[in-house]
Structures are given as structure tokens and as C-alpha cells.
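Take this structure, written in C-alpha cells, and hold onto it; I'll ask about it next.
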Amino acid sequence: MIDHSSKALTGLGISLEPLRAELSSVSSSPDSSCIPNNKLDAPGERGALPPLLLVPRFSGEPFRLEISSPRHPRGTGEIWPPESAIRQGGSHDLGPNLPIALLWSALARDPMPQWAWTTPEKESRTATPAEAIAGACAALVPSLLSGDVSPVLVIPNHIQMSKQQALIDACRQLGLHVKLLWRPVAAALSWCKQHADAVIEQHHNGDGSIGSLLSVHLGLDEFEIASLELVVQRSGDKRWLVPARRRPTVGALPSFGIDWLMETGLGAVNAAWHKLWMSNSIRDTALNRGLTLDDFLNRTRKSDWRQQTALNDWLPETNKSSSFDGWLRKNANALDTRRTLGVVVTGELAEVSFTRHVPLWLHVLQAQRVPATVSRVSVESLRSGLADHSTRSEPMIGGGAALHSSRLTSKEPSYLDTLPRIRTSTYIAGRPAWLDLLKPDDGWVDGGRTWQRSDPLRGLCIQEGRSELEVIVWHDEFPTVRKLKSSFKQPLTKDIPVRLEIAVEPAQGNARIEVIPLDPNCGLRQLRLEWSRMEDTKLVPDEFLGKLPTLFPPLLRRASCRAKWENAREAMRLYLSGGLYRSLSSVIATLQQRDEPDVSSADIEVRATAISSDGEPSELRSEILERFVSAALSRLLVATGKESEEVVRVLGYTSTGHPKFQEYLAARVRTGSYLERHELSACGWCLRESSDIAAFAALFAKLLRSYQNAMNNWLKAFAEMLRYREDATQDITSRLCEELTERILVIFREEHAKRSFKFLFRNSCLCIVYLLRRRAYDDDYLALGSPLHAVVRSAFIRARDDMAKKGIGGAIKLDRALQTMIDFIDCKGPPLLAAGTGFQELTE
């Protein structure tokens with residue numbers, strides 16, 4: 001037993017397993033080691049029994065941990081005394097005795113079930129798995145424990161953040177401040193303690209990752225496989241070997257052991273199943289009958305028994321052998337075991353036979369493709385401990401937890417962990433997106449110690465006019481998004497810049513997120529996000545973003561058509577083979593042709609050409625296209641008159657981004673003179689630099705101030721620039737965008753009044769709506785409620801309603817396209833033009 005009064009105590013580890021409950025310790029004594037206080041006796045001997053909780057009978061009474069015989073009589077099903085009666089309540093009454101074997105699988109359930117029982121005084125009581133685990137820990141840990149030592153409780157590798165927090169909170173309610181530790185890490189710490197000197201000596205050339213350790217748990221509650229990095233870390237003048245855990249990619253396999261043990265132990269399962277935990281029969285039958293895994297897997301569970309009790313939420317689902325094999329394959333595909341330096345195996349079933357000659361743990365290693373040369377294999381199982389309990393070595397899981405506790409106390413390196421991925425929704429360049437609160441490239445952090453972002457997240461603000469703050473958080477352990485609202489006393493009169501501060505401690509419950517105003521005198525208090533208080537939106541991340549309003553439409557690019565490119569490529573080849581003076585008309589003709597694109601997408605124009613709006617053909621790289629563009633540019637330098645017009649046209653049709661042609665077009669725009677039709681076409685298809693597009697916008701506005709007639713080619717070119725180029729509005733000032741919108745709206749209204757819904761009408765629509773992409777650089781551009789917003793919105797609504805009344809039919813659904821435009825004007829458009837509606841029809 002542990003000397004709890006010893007001042008030399010530096011670490012405590014708690015391990016709660018189906019057939020064993022342990023409290024292991026580390027002290028500063030030179031000859032100290034991890035000593036379990038629950039040594040299981042050999043089969044057939046009286047003494048330790050599978051751990052069971054005697055639930056409270058009276059208010060304020062603690063859980064009692066039963067680990068040895070004779071049991072407390074209550075709930076044992078004996079004839080006398082009266083409190084031995086097992087069932088005293090209704091059909092959902094589970095009884096006064098709760099086997100620890102059921103706790104971990106039940107804790108992982110969502111929502112957590114409750115253990116229900118009725119006291120002899122007919123009072124109904126309940127407890128959650130978190131409360132029961134906390135009660136077991138409090139029963140194990142001495143009440144006089146020094147406050148300098150944090151007991152460390154081992155948890156399965158996949159327990160979610162919210163369940164960790166529930167467990168920590170339940171322990172704190174009992175006055176017990178525990179730390180949590182992942183089960184594979186606990187086993188790995190014990191392995192590293194055994195092998196550190198030899199491994200470090202072997203890798204003496206430097207620090208860092210030197211290989212991996214495979215941790216395999218084969219327990220009655222579940223099977224679990226994890227690969228941990230082995231890292232040599234220097235602290236002071238000493239080199240340490242520490243395990244480093246990555247977040248699991250494959251979950252645990254719920255074990256078939258609890259059901260099987262119940263049936264094997266009793267033979268005929270009935271309402272007196274509690275008796276299983278009253279004797280050594282479980283341990284004897286489970287581990288010493290020489291059963292193979294096939295025997296284990298093929299045991300059938302009696303469904304009528306499950307229906308007669310309330311255990312359904314507490315027992316893991318039965319898995320067939322095919323599920324076990326599939327799980328092994330899934331793990332093998334997810335893990336790279338080529339760098340494996342060692343293996344640690346734990347669990348009650350580690351040495352159950354897979355076949356008559358192969359233990360289960362060896363079969364698992366073979367299935368995971370562990371190199372046969374790996375010799376540092378450590379196996380801890382209940383069965384090996386029973387062989388000679390007097391000389392049993394220290395437990396790997398409980399001992400590793402005690403070692404972690406000791407290292408936390410002494411501030412020594414223990415293990416490394418990775419952070420969860422936590423994101424919040426925001427607008428990035430005007431579009432809804434997820435923003436990482438924890439840097440995804442942070443790498444390893446110290447396990448068991450608080451990690452805080454060194455640079456608080458800045459650049460965020462609560463916008464003027466808002467009466468509440470809504471914070472959205474998505475944690476990668478949960479399938480859906482959560483939100484928290486905080487109301488203000490009155491709407492904000494100005495933008496309030498804020499920063500987000502984030503702190504998280506691996507495996508220690510919820511991350512702590514605070515929204516803090518940068519100006520302490522702004523009248524807003526800081527907001528702390530509590531995961532338990534956040535409302536579940538029931539939406540997965542993509543669905544949530546899809547419902548957020550969008551500030552501007554996505555690009556509407558032109559695709560490349562494979563068939564048309566083949567024709568154009570052949571025309572280019574003939575031109576190049578015939579010399580530079582051959583007519584370009586055949587090449588122009590093939591580049592003009594349009595057809596259906598090879599792919600259907602809401603953000604691609606309905607009709608495709610030989611070359612896309614990005615200047616790319618359907619093949620990855622075309623030498624012929626590059627040669628042709630070079631030849632045409634050479635000709636442009638010396639061409640005049642009609643030939644010069646033809647060269648500009650053909651280069652425009654290629655949508656080329658060649659620097660020399662960009663310089664040519666930019667020079668023409670910056671002359672400030674009227675551009676010819678072929679030059680406008682080339683600008684719409686090829687102009688790429690945002691500064692050059694801004695110069696074009698200024699020239700266009702200058703012309704619009706003078707007159708609006710014969711502006712279709714200018715409108716078409718400008719609409720193409722705006723919908724083809726990501727940063728087209730970057731250098732166009734908001735004031736100029738507003739002026740262009742006002743003047744183009746005049747054309748829109750005139751065409752509407754004439755009931756002419758052709759090119760002028762469509763191109764003016766596209767220009768006005770794609771100028772909304774200025775919102776990527778100015779959130780206030782065409783802001784809701786502004787005078788210009790009201791005017792534009794009203795004009796579009798009147799046009800939409802008129803079309804709906806007059807029944808403008810045919811293939812062009814202008815009323816539908818206008819409604820989509822109104823949605824974007826009102827910041828309500830979808831992030832993608834899903835469902836096939838949008839502006840494609842306007843480009844025909």
C-alpha cells in the first residue's frame with residue numbers, strides 16, 4: 001500500500017480498468033517505484049475483485065469503491081440482510097452497484113446516459129458516468145494528499161473535449177483537482193522509462209524525432225491503437241526521451257468483452273447480472289479457459305436480456321470478427337510503422353489467444369505491419385500480472401500516469417501533444433470563411449501544461465449598428481457548429497476593434513476563448529466563451545457557411561472547350577507553318593467559336609471557347625499556343641492599319657497574359673483617348689493588373705460623363721474584367737465605383753423603359769453587380785441603408801417585378817437572374833451560385 005502521509009510523494013496515477021482499479025505513486029525515495037494499491041490475487045484466491053461502485057444511499061454520501069471481498073452486502077442479491085436486494089425500483093432501475101467496466105464506453109456516449117437506482121427508502125437517484133468516475137477517483141485518492149501533487153487520471157485516447165470538461169468538473173465538485181492523461185501516452189511513458197537510456201544512447205547525434213512507438217490497448221472495454229513519435233528533448237544538461245501524440249485518425253473499437261463476460265460468468269443471463277461482480281468467476285473464466293479470439297467473437301448476446309434491462313446505453317455495441325479485421329486494416333492504412341522503434345501492449349485481453357499458438361497482441365502487430373526486427377516490445381496484461389502477483393512489475397498505464405504527475409510537480413519534460421483545430425467564422429476578403437483560432441502550424445506543445453497563443457488574434461471588429469455579438473465556433477471533434485450571442489444595452493455607434501485570446505491545455509477540457517475590446521473605455525465588457533453554454537446550430541461547417549450572407553458574387557469565368565481547342569490548335573499550327581504573313585482570319589474564326597464547357601459549374605459561363613478567360617487551353621500546357629502568341633506579338637510591333645487591328649483581335653481571343661501585350665493594352669488605356677472595338681475586346685479578355693483595370697475604369701467614367709450612347713462595347717469589356725479577375729476592383733476607389741454604378745444605372749433604366757433586355761441591359765446589370773466585389777476591400781461600399789443602395793435596389797426590384805408580370809420567357813430567365821443580383825446587393829447571396837441559378841444566362 002502507498003504511504004499517503006509520506007512527504008516524499010511526488011506523483012499519483014489513477015487507472016480505472018474493467019477488472020482493475022489502481023492508484024500508483026512515485027516518490028523521491030531512491031528505491032521508489034509505482035506500486036499499485038489493488039494487487040489482484042491469483043485465480044481461486046479470496047481477495048481483490050473486479051472494481052464496483054456502491055452508489056450513495058443518502059444525500060451527501062460518497063461513492064464507495066468495492067475492490068475486494070467480502071463485498072458490502074447492499075445490492076449483492078444475497079438472502080440477508082434486506083439491503084442485499086438487487087432491484088427495488090421500476091423497469092429502468094439499474095441497481096445500487098455500478099461496475100467500473102461500464103463507465104468509459106458510457107462516458108463517450110452523446111448524450112451521456114444516467115445510472116438509475118432506488119434507495120431502500122424508495123427515493124429515486126441517478127448518476128452520470130462522469131460523476132461515477134469522479135466518485136471512484138475520490139475513493140482511491142487519499143484525503144490528506146498534499147496540494148502540490150496533482151493526481152493524474154488515465155482516459156481513453158478518443159474522449160472528446162466536452163467529456164473531459166465534464167469529468168474535470170465532476171472531480172472538482174468532490175474537491176479533487178485531477179489532471180487527465182491519454183491512455184497510450186501513459187503506457188508510452190512507462191515504456192520510455194524502461195528503454196530511454198538504450199534508445200538515447202543509440203541516437204546520440206542530435207535531438208528531435210527519432211522514430212515512433214506503437215501503443216496497443218486490448219481491453220475488455222475497447223481496443224485502441226495509437227502511433228506516437230519518440231522525441232529526444234533537451235532540458236538543462238539532460239536529454240529526455242518523451243512520447244509525442246498526434247490526434248487520432250481512427251477511433252477505438254468498442255469491445256465485445258462486457259457482454260461476453262456477463263454471459264460466460266452466469267451462463268443464463270437474467271436480472272441478477274450484478275452477481276457477476278461479486279466473485280472471481282469473471283476473471284477466472286475470461287482469462288484462464290484458453291479461449292481463442294474466435295470463441296470470444298462468436299459468443300452471442302441474448303437480445304431479450306438487453307430489452308429487459310436499462311443497460312442499452314451503457315454497453316458498447318457487439319462487433320463481429322469482420323468488423324475487427326476491418327478496423328485492423330483501417331489502422332494499418334492510417335499508420336506508418338516503418339520507423340517503429342518499439343511497441344507497448346496493454347489490456348486484459350492482450351494475451352488471449354488469437355489462434356491456438358498466437359496471442360492476440362502478436363496478431364495485431366502483424367496486422368499493423370510492424371517490422372519483425374522490432375525487439376523492444378513490452379506487454380502488460382491482467383493475465384501476466386496474475387502469473388506471479390508477488391513479483392509483478394509496476395503497471396504500465398497507472399505507472400505512466402504517476403510518472404506524468406511527478407514530472408508536472410518537478411517541472412520536468414513529460415510528453416508532447418498536438419492542439420485541436422478550433423475555428424470561428426468571419427469574412428475574409430468579403431466572403432464567409434473559417435479562421436483558425438489556433439495556428440495550424442504550431443506543431444508540438446507541452447502536454448499537461450497550458451498553451452496560450454503568443455500573439456492574440458487581431459484585425460477583428462464588431463461593426464457599427466450591431467446590437468449583439470454572435471461568435472461562431474467550430475471544433476474539429478464535433479460534427480456541427482456552435483454559436484454564442486451576447487446582447488448590448490444599445491446599438492454600437494462605431495466600429496469596436498477586438499482581439500481574441502485563446503488558451504488550451506491538451507486533454508484538460510474546454511479551450512478558453514475570450515473576446516476583448518482593444519479600447520477598455522468603449523463600454524463593452526470582455527466575453528468569455530463557455531462551450532457548454534454555446535447553442536448547437538445542428539449544421540455542419542459547409543452548411544453553416546452556405547447560409548451566411550455574401551457581400552459580392554463569385555467570379556464568373558469562361559471555360560475552355562476541348563473540341564474547340566483542337567480546331568484552334570490546328571489553325572495555329574497551319575499559320576505557324578505558313579510563315580508570319582499568312583492570314584490570321586482562320587485562327588480568329590476558330591477562337592470565336594463557342595460551345596458547351598467540358599465541366600458544368602455555377603461559376604462558369606454557359607458557353608466556352610477554345611481558350612479560357614485565364615488564357616489556358618483544355619490541355620495543361622500548349623507549346624503551340626506559346627509559339628503562336630510570341631509570333632503574333634512580333635507581328636504587332638511592325639503591323640499597321642487593318643493588320644494591326646487583326647493582330648490585336650487574335651491576341652485578345654487568346655486571353656493571353658503575356659507581359660508585352662499587357663504593356664501594349666495599358667499604354668493604350670493610359671493615353672486617355674477613345675478605344676476602338678477590337679481594343680475594348682482585348683482589354684476585357686486580357687487586361688489583368690488591378691492598376692491597369694483602375695485606369696480603364698477612370699477612362700470609362702470620363703466617357704460616361706459626356707454621353708451614354710453606344711456604350712455596349714465598353715460595358716461588355718468592363719463586365720468581363722470584373723467577373724474574370726480576382727482583384728479587379730482593388731485599385732478602383734469606392735467613390736469611383738459609386739460614380740460608375742450611378743451612371744451605368746441610367747443605361748439600365750433606359751433599357752428597362754424601352755423593354756429592351758438585350759446586350760446593353762445585360763451588360764449594365766453585370767457591371768453594377770460585379771462592382772460589388774469592391775466590398776472585398778471596403779465593407780462599406782454600397783452599404784445597406786445607404787442612399788445609393790436604396791436607389792439601385794429599387795431599380796432592380798422594379799425590373800424584376802415587371803419581367804415577372806409580363807412573362808419574359810424563353811431560355812433567358814432574367815427575372816431569376818435579377819433576383820440573384822438583388823440578393824447580392826442586399827448581402828444575401830449564396831457563397832456559390834448553387835442550384836444553377838445566377839448570372840450565366842446574362843452572358844449568352
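This is a predicted model, so every value here is computed, not measured.
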Which residues satisfy the side-chain contact (heavy atoms from CB on, under 4.5 Å) test with Q593, sequence neighbours excluded?
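K564, N567.
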Please report, to 0.1 Å, the donor-acceptor pairs under 3.5 Å made by any side chain of residues 538-545, with sequence neighbours excluded.
unit_1 : atom_1 : unit_2 : atom_2 : d
E543   : OE1    : V540   : N      : 3.2

Run the ring pair (Phe, Tyr, Trp, His ring centres under 6.0 Å) test against F761 and tell me which residues pass, sequence neighbours left out.
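Partners of F761 under the ring pair (Phe, Tyr, Trp, His ring centres under 6.0 Å) test: F748, F757.
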For F700, enumerate each residue passing the ring pair (Phe, Tyr, Trp, His ring centres under 6.0 Å) test, keeping only those at least two apart in sequence or located in another chain.
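Here the qualifying residues are W714, F718.
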Tell me, please, which residues at least two apart from D780 pass side-chain hydrogen bond (donor to acceptor under 3.5 Å, both in side chains).
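For D780, no residue satisfies side-chain hydrogen bond (donor to acceptor under 3.5 Å, both in side chains) once neighbours in sequence are set aside.
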Partners passing salt bridge (charged side-chain N to carboxylate O under 4.0 Å, His left out) against E626 (at least two apart in sequence or in another chain)
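E626 satisfies salt bridge (charged side-chain N to carboxylate O under 4.0 Å, His left out) with R621 once adjacent residues are dropped.
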Is a donor on one side and an acceptor on the other found under 3.5 Å between the side chain of R774 and the backbone of I732?
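Yes, R774 side chain to I732 backbone: donor-acceptor pair under 3.5 Å.
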Look at the side chain of N763 and the backbone N and O of F759, then say whether any donor-acceptor pair between them is shorter than 3.5 Å.
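Answer holds: yes.
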By side-chain contact (heavy atoms from CB on, under 4.5 Å), which residues pair with S786, not counting sequence neighbours?
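Applying side-chain contact (heavy atoms from CB on, under 4.5 Å) to S786 gives H789.
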Set of residues satisfying side-chain contact (heavy atoms from CB on, under 4.5 Å) with respect to E535, sequence neighbours excluded:
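Testing E535 for side-chain contact (heavy atoms from CB on, under 4.5 Å), a comparison that skips the adjacent residues, returns K483.
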Determine which pairs satisfy salt bridge (charged side-chain N to carboxylate O under 4.0 Å, His left out) with at least one residue from residues 680-700, sequence neighbours left out, and list them in order.
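Checked against salt bridge (charged side-chain N to carboxylate O under 4.0 Å, His left out) - neighbours excluded - the pairs reaching residues 680-700 are R670-D692.
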Measuring centre to centre across the rings, with the benzene-like ring taken for any Trp, is F661 within less than 6.0 Å of H658?
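No.
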Pair D614 + R558, salt bridge at N-O below 4.0 Å
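So D614 does not pair with R558 through a salt bridge.
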Who passes salt bridge (charged side-chain N to carboxylate O under 4.0 Å, His left out) against R800, sequence neighbours left out?
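Applying salt bridge (charged side-chain N to carboxylate O under 4.0 Å, His left out) to R800 gives none.
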Just grab all the salt bridge (charged side-chain N to carboxylate O under 4.0 Å, His left out) pairs involving residues 711-722, residues at least two apart or on different chains.
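Salt bridge (charged side-chain N to carboxylate O under 4.0 Å, His left out) check on residues 711-722 returns K716-E720.
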Residues in side-chain contact (heavy atoms from CB on, under 4.5 Å) with S673, at least two apart?
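R668, T671.
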Where do R725 and L555 come nearest, in terms of heavy atoms and distance?
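In this case the closest contact between R725 and L555 is O-CD2, 3.7 Å.
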